[in-house]
Each structure stands twice: as C-alpha cells, then as structure tokens.
Peer 1: 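Dumping the structure here so I can ask a few things about it.
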Amino acid sequence: MTPYDSSAAPTPAARHPLVDGFGRTVTYLRVSVTDRCDLRCVYCMAEHMTFLPKAEVLTLEELDRVSSAFIGLGVRKLRLTGGEPLVRKGFMDLVEGLSRHLRSGALDELTLTTNGTQLARFAGDLARHGVKRINVSLDTLKPDLFRTLTRGGDVAAVIAGIDAAQAAGIAVKINAVALKHDNADEIPSLIQWAHARGLDMTLIETMPLGEVEADRTDQFLSLEQVRRELASYWTLTGLPLNTGGPARYVRVEETGGRLGFITPLSHNFCEACNRVRLTCTGTLHTCLGREDASDLRAVLRAGADDAALVDAIRLAVDAKPQGHDFQIARGEAPATRRHMSTTGG
Ligand code: SAM
Ligand code: SF4
C-alpha cells in the first residue's frame, strides 16, 4: 500500500512524443529523488555539504506525478538517482507506485543508480517491483581507498549489496570514475573482478560539476589513454550498442565481459542525446553540462492541471540546447554550479 494515490494512468497527452528543437526525441528521464547521501565521494561532494530544506524537495507524490507526465509523453526509460536514492524515506513506495507503468506497458524500464550501501536491505523489494537492472557505483575494491574516496564508506557493504541484487535476479552494472592518482592502477583488476562475476562495467571521466575541495584537473584521467593501455594487452572489440547516451562499449575478449567508456570531455555525444534530468527540487535540466533550467516545482505547486504540466514540459524540452560546454582546463570554473548529486548522475 503506497501512502499516496499512484493509481492514475499517465496523463493522456501522448499523441505527440517529446521532440526538441533539433529533432531529438526524449525517451529517457533521470530523476534525482534526494540531494542527500550517506557517502561523501571526493569528486562529487564537499566534505561539509549543506543539504536542501525538506520543503524545497519534491514530495513522493510530486515525483510520481512529474515522472508519470513524462511517461505519458513517451518516456520509456526512467532512472532514479540522487544523491543516494535508497536513503530517501519512502523511496520504495515511489518505486512501487511507478511500477504500475511497467505493468501497463507504458514504461520499458525502471532502474536506479545507487552507491550500493543499502542494497542488501532493498534488493528483494526492487526486484519485486520490476526493477531488472541497476547501476552500482564502485571505484575501488580496496577497503582503505574506498574509505578515503567516499570519506568513510565500507566497501564490504557495497559488495554485500551487489551480492543481494544478483541473488534477487537483478543485473548489475558497475560504474567507476577513473581517478589518476587513486584507482588508475586498479582499473584492470576492477574490470576483471566485475566480468568474473558476470557484471558489465563502465568507466567514467570526472566531470566539472559543482565546487568540491579536490582539484579536478589533477584527478582527471583521460579514458582514451586508459583504453589505449587496456588495448595493449587485451582485445577490445567495439560493440554497436547505442544507448543515446555518452557511453561507448567494447567487449573484452579475454574476460568475455562488456566495458563502457563515458567520455563527456573527450567526445561529443550530444547529437543523439535522448535524455533529460529532473532534480529533486523539480528543476528540469535538458542538458547535463549547461545551466538551462525549467522550474516544474513552481508549475506543480501553483496547482497546474495535467495539461498545464505537459505544456511546461514541452516548452522546456523544445529549448533543449544543441550540446554541452564542458571545460576542465586548470583554473576554469565548473561548467555548472550544480553538483552531480543535485542533478542526478
Ligand atoms: N549515489 C548514487 C551513486 O553514487 O551511484 C547515485 C548518484 S551519483 C551522483 C551518480 C554517479 O555520478 C556516480 O556513479 C558517481 O560516481 C558519478 N559522479 C559524481 N560526481 C561526478 C563527477 N564530478 N564526475 C563524474 N562522475 C561523477
Ligand atoms: Fe553520494 Fe553518489 Fe555522490 Fe558518492 S557519487 S557522494 S555515493 S551521490
């Protein structure tokens, strides 16, 4: 039983899909359900973060309503993220409510990105509500380094979470941020570990989002360089997998596993971009790397009916920028002031 009415069908506005000014159809929505987190990864958050007052964060009902409006407009894949989605109170009620769109066939996939610390507790419920695949962020298997990178996290809890998810039948993809001084040497063994467990793995370049203490130009490790090194001893076969996102995939023939590279700084991936992001405060960002924003919370809280909400969404998507503008040169300000934990990774 959910604490709010989640029985409503998607809003009946799906006659025309969401197409932006450059002809790209938006079919993928990422929703950040909280800015809070039980970890403080050095590249993501400042050590002492000031989190948002509760009143600024969308309620579970509001999150359901906006997500459902997007689904009514043709979004087929919904990713819940954060902050850490599993620390949001009532999160599983939200998942349970949204799972009605899976059952109705309106949604192809309901998924989440998590740090995995709470997964052991929630994996069974996620599977029961139709979640079939999740991304778990894990940058190192070394307990000490993990504790340092996350400012206090316990890698054993994450591994127990991954075990629980796999036991529940959920496919897990590992996301690791490549960090020059911290995990560069460990990347091959991390890939081997993931592939030996039947997990896909994706490497991510650090992105200049939000002010943190660490110097990102110092942390930055080009994945082109990583790929060249891996290719010097492994056979990497390109895969024609197009997710509409910034990842490119290869098969590592020696391990038999799939490896993705997310290189927002090395490559432009914007032409085929099919995604938009909603922050936990109801701000819609149609581009991760720009300051463009539409305040859907204001629309919701002004008492908008479904038609007005749909109009606001269409207006925002229509103005989706053609491409991002990331820079990571020394001394540059972050491309956006938002932290990844606010926008939702
Ligand atoms: N807490 C969850 C987690 O860690 O998976 C979900 C939110 S987190 C912001 C989503 C992803 O963003 C994580 O994989 C994290 O490593 C990545 N991330 C955070 N800050 C980043 C940055 N500045 N550059 C690149 N990736 C970043
Ligand atoms: Fe939390 Fe995820 Fe950011 Fe790490 S990357 S601090 S786990 S939100």
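Counting starts at 1 for both ligands and their atoms, following the listed order. Computed from heavy atoms alone, side chains included, the values below leave out hydrogens, waters and symmetry copies.
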Peer 1: In this structure, would Val75 and Val19 fall into the same cluster of hydrophobic residues linked by side-chain contacts under 4.5 Å?
Peer 2: no
Peer 1: Determine whether the side chains of Ser222 and Arg227 contain a donor N or O and an acceptor N or O closer than 3.5 Å.
Peer 2: no
Peer 1: Quick one: which ligand 1 atoms are inside 4.0 Å of a heavy atom on Gly82?
Peer 2: 7 (C), 9 (C)
Peer 1: N/O/S atom of Cys37 under 2.8 Å from atom 4 (Fe) of ligand 2, yes or no?
Peer 2: no
Peer 1: Any link between Trp193 and Val158 through a network of hydrophobic side chains (Ile, Leu, Val, Met, Phe, Trp, Tyr) touching at under 4.5 Å?
Peer 2: yes
Peer 1: Any atom of ligand 2 sitting under 4.0 Å from a heavy atom of Ser137?
Peer 2: no
Peer 1: Report yes if some N/O of Gly83 lies less than 3.5 Å from some N/O of ligand 1; otherwise report no.
Peer 2: yes
Peer 1: Is there at least one pair of N or O atoms, one from Thr206 and one from ligand 1, spaced under 3.5 Å apart?
Peer 2: no
Peer 1: Is Thr114 in polar range of ligand 1, meaning some N or O pair under 3.5 Å apart?
Peer 2: yes
Peer 1: Check each atom of ligand 1 against the heavy atoms of Cys44 and keep those under 4.0 Å away; list them by number with element.
Peer 2: 19 (C), 20 (N)
Peer 1: Is Asp200 salt-bridged to Lys173, cutoff N-O under 4.0 Å?
Peer 2: no
Peer 1: My understanding is that only residues two or more places apart in sequence, or in another chain, count here; which of them pass side-chain hydrogen bond (donor to acceptor under 3.5 Å, both in side chains) with Gln118?
Peer 2: Asp38, Arg121
Peer 1: Polar-atom distance check: Ser137 versus ligand 1, any N or O pair below 3.5 Å?
Peer 2: yes
Peer 1: Which residue from Gly153, Ala46, Cys44 reaches closest to atom 3 (Fe) of ligand 2 through any of its heavy atoms?
Peer 2: Cys44
Peer 1: Could you tell me whether ligand 1 has any atom less than 4.0 Å away from a heavy atom of Glu205?
Peer 2: yes
Peer 1: What are the atoms of ligand 1, with element, lying closer than 4.0 Å to any heavy atom of Thr81?
Peer 2: 6 (C), 7 (C)
Peer 1: Taking atom types as modelled, find out whether Glu84 and Thr117 have a side-chain donor-acceptor pair closer than 3.5 angstrom.
Peer 2: no
Peer 1: Pairing donors with acceptors under 3.5 angstrom, does anything connect the side chains of Arg79 and Tyr28?
Peer 2: yes
Peer 1: Any ion pair linking Asp93 and Arg88 (charged N to carboxylate O, less than 4.0 Å)?
Peer 2: no
Peer 1: Mark up the atoms of ligand 2 that fall under 4.0 Å of a heavy atom belonging to Gly83, in ascending order.
Peer 2: 8 (S)
Peer 1: Show me the side-chain donor-acceptor pairs of residues 124-133 shorter than 3.5 Å, one per line, residues at least two apart or across chains.
Peer 2:
from: Asp125; atom 1: OD1; to: Arg128; atom 2: NH2; distance (Å): 2.8
from: Arg133; atom 1: NE; to: Glu109; atom 2: OE2; distance (Å): 2.7
from: Arg133; atom 1: NH2; to: Glu109; atom 2: OE1; distance (Å): 3.0
from: Arg133; atom 1: NH2; to: Glu109; atom 2: OE2; distance (Å): 3.2

Peer 1: Return the option from Val177, Asp139, Asn135 holding the heavy atom at the smallest distance from atom 16 (O) of ligand 1.
Peer 2: Val177
Peer 1: Below 4.0 angstrom from a heavy atom of Glu84, which ligand 1 atoms are there? Numbered from 1 as shown, please.
Peer 2: 1 (N), 2 (C)
